[in-house]
Peer 1: 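Okay, handing you the structure first.
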There are 2 protein chains.
Amino acid sequence: MPEKIGPGKPDRYMQPSILMALLDGRSHGYELLQHIGEYGFLKGDAPPGMIYRHLRQMEEEGLVASQWDAEGSGPAKRVYAITDEGREVLDAWVGYMERQAASLLGFVTRYRERTGG
Amino acid sequence: MPEKIGPGKPDRYMQPSILMALLDGRSHGYELLQHIGEYGFLKGDAPPGMIYRHLRQMEEEGLVASQWDAEGSGPAKRVYAITDEGREVLDAWVGYMERQAASLLGFVTRYRERTGG
DNA sequence: TAACATATGTGCACTAAGCATCTATGTCAA
DNA sequence: TTGACATAGATGCTTAGTGCACATATGTTA
């Protein structure tokens, strides 16, 4: 399970961002697009194609579960919810992110000490 | 110049690690291999092929400069030194890493508040 | 002289990103 | 009533970067 997190995955943190957003309740791709930027890991908006691919891959891995929702206005939505396994993976991600933050701050400190800036 | 740093580059931070190590003085690939793990961004050792490719690409970009050193024991080494441009890029990296650490800690805090753990 | 450590590289398969594009559906205004 | 627009989901293609195995060369030492 811990092989699912951490590098070599890039530092956009799409997966934990999606899982985190789903902690607040079920949602669908198009809606998630507009919220996962809040965490500060994306420059602009996430490319739309990206999030759908992530969601489907995460469903294959059992981290989220989806069902179609044709209610409401507009076209049908594929609505996702986080699973117990998703919660575990998110927890592991948070641990990794904490360690990563510590490494980053250590690096920054080391640099400032050397350059006196 | 700021396009050279940040995502989509992965979070192994090879480039800033190499530049940082070269702040302490000129060095060569094989030696750098054994030191850049100290910063905490690599699981085990960096794959040897990786570092040589990075060094040559960084030389193309003008961040480091090399010359052959046949002195001393063992085979000749290609010894690298950081350039002024390399120093600027490292400085930009450090700024990026500081912001990244802040985002990470923000994410972690948000998670802990939600889950109470 | 064969094994080993040092030192630098190349080749290939795989993954993920980035971007453009495509499909479909519902809404609303001219 | 049809054409524009917003919503929603998905695919195709190119490129970048990784990971791993392997190749090459030189000096040291048993």
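The chains referred to below are lettered A, B, ... by the order of the sequence lines, with proteins before strands, and numbering in each begins at 1.
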Peer 1: Starting at atom CD1 of B/I18, determine the distance to atom C1' of D/dG17, rounded to an integer number of angstrom.
Peer 2: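 After rounding, the gap between these two atoms is 14 Å.
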Peer 1: In terms of relative ring orientation, are A/W93 and A/Y13 parallel, tilted or perpendicular, with 30° and 60° separating the classes?
Peer 2: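 Answer is perpendicular, since the angle exceeds 60°.
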Peer 1: Using only side-chain N and O atoms of A/Y30, determine if any of them is under 4.0 Å from OP1 or OP2 of D/dG9.
Peer 2: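 It does not, given that no N or O in the side chain of A/Y30 lies less than 4.0 Å from OP1 or OP2 of D/dG9.
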Peer 1: Would you mind telling me which of D/dT18, C/dA17, C/dG26 lies closest to the side-chain atoms of B/R12?
Peer 2: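 My answer, after comparing the listed nucleotides, is D/dT18.
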Peer 1: Between A/D69 (CG) and D/dT7 (C1'), how many Å, whole number?
Peer 2: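 Spelled out: CG on A/D69 to C1' on D/dT7 is 13 Å.
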Peer 1: Linking I/L/V/M/F/W/Y whenever their side-chain heavy atoms sit closer than 4.5 Å, directly or via other members, would A/I36 and A/L33 fall into one cluster?
Peer 2: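 Yes: a chain of side-chain contacts under 4.5 Å links A/I36 to A/L33.
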Peer 1: Checking contacts here: which listed nucleotide (D/dG17, D/dG9, C/dA7) is nearest the side-chain heavy atoms of A/W68?
Peer 2: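 When the side chain of A/W68 is considered, D/dG9 is the closest of D/dG17, D/dG9, C/dA7.
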Peer 1: By nearest heavy atom, map B/P48 and B/G72 onto DNA chain D; which one lands nearer the 5' end?
Peer 2: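 Closest to the 5' end, via its nearest nucleotide, is B/P48.
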Peer 1: Given atom CE of B/M50 and atom C1' of D/dA16, what is their separation to the nearest angstrom?
Peer 2: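 Taking atom C1' of D/dA16 as the reference, CE of B/M50 is at 10 Å.
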Peer 1: Strictly distance-based, threshold 3.5 Å: is any side-chain N or O of A/T83 a donor or acceptor partner for the main-chain N or O of A/L63?
Peer 2: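 Checking the backbone N and O of A/L63 against the side chain of A/T83, a donor-acceptor pair under 3.5 Å is found.
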Peer 1: Looking only at the side chain of A/R53 (C-beta and beyond, no hydrogens), which of the listed nucleotides C/dT25, D/dT11, C/dA16 gets closest?
Peer 2: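 Nearest to the side chain of A/R53 among the choices is D/dT11.
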Peer 1: Classify the ring geometry of A/Y39 against B/F107: parallel below 30°, tilted from 30° to 60°, perpendicular beyond 60°.
Peer 2: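 A/Y39 vs B/F107 ring planes: perpendicular.
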Peer 1: Classify A/G29 by what it touches in the nucleic acid, base, sugar-phosphate, or nothing, heavy-atom distance under 4.0 Å.
Peer 2: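 Sugar-phosphate contact only - A/G29 comes under 4.0 Å of backbone atoms but never of a base.
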Peer 1: Atom CD1 of B/I51 and atom P of C/dT6: how far apart are they, to the nearest Å?
Peer 2: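 Result: 16 Å.
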Peer 1: For B/Q15 and D/dG17, give me the distance from atom CD to atom P, rounded to whole Å.
Peer 2: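 My rounded result for the distance is 9 Å.
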Peer 1: If you pin A/G49 and A/P75 to their nearest nucleotides in DNA chain C, which one's is more 5'?
Peer 2: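 Nearest-nucleotide comparison on DNA chain C picks A/G49.
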Peer 1: Mind calculating the distance between CG (A/L33) and P (C/dC19) to the nearest angstrom?
Peer 2: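 Rounding to the nearest Å, CG of A/L33 and P of C/dC19 are 14 Å apart.
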Peer 1: Looking only at side-chain atoms of A/R56, point me to the closest of C/dA7, D/dA10, D/dT28.
Peer 2: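 Among C/dA7, D/dA10, D/dT28, the one nearest the side chain of A/R56 is D/dA10.
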Peer 1: Heavy atoms from C-beta onward define the side chain here; which of D/dG27, C/dG26, D/dA10 lies closest to that of A/S73?
Peer 2: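 Closest of the options to the side chain of A/S73: C/dG26.
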Peer 1: In whole Å, I'd like the distance from the CD atom of A/Q57 to the P atom of D/dT11.
Peer 2: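 My rounded result for the distance is 14 Å.
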Peer 1: Please tell me if B/Y52 has a side-chain N or O lying less than 4.0 Å from either OP1 or OP2 of C/dT8.
Peer 2: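 For C/dT8, OP1/OP2 do have a side-chain N/O of B/Y52 under 4.0 Å.
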Peer 1: Looking only at side-chain atoms of A/H28, point me to the closest of D/dG17, C/dT8, D/dG9.
Peer 2: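 The closest nucleotide is D/dG9.
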Peer 1: Could you tell me the separation between the CG atom of A/L42 and the C1' atom of C/dC19, rounded to a whole number of Å?
Peer 2: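 After rounding, the reported distance stands at 15 Å.
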Peer 1: Within the side chain of A/E59, is there an N or O that forms a donor-acceptor pair under 3.5 Å with the backbone of A/S66?
Peer 2: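 Here the side-chain-to-backbone pair exists.
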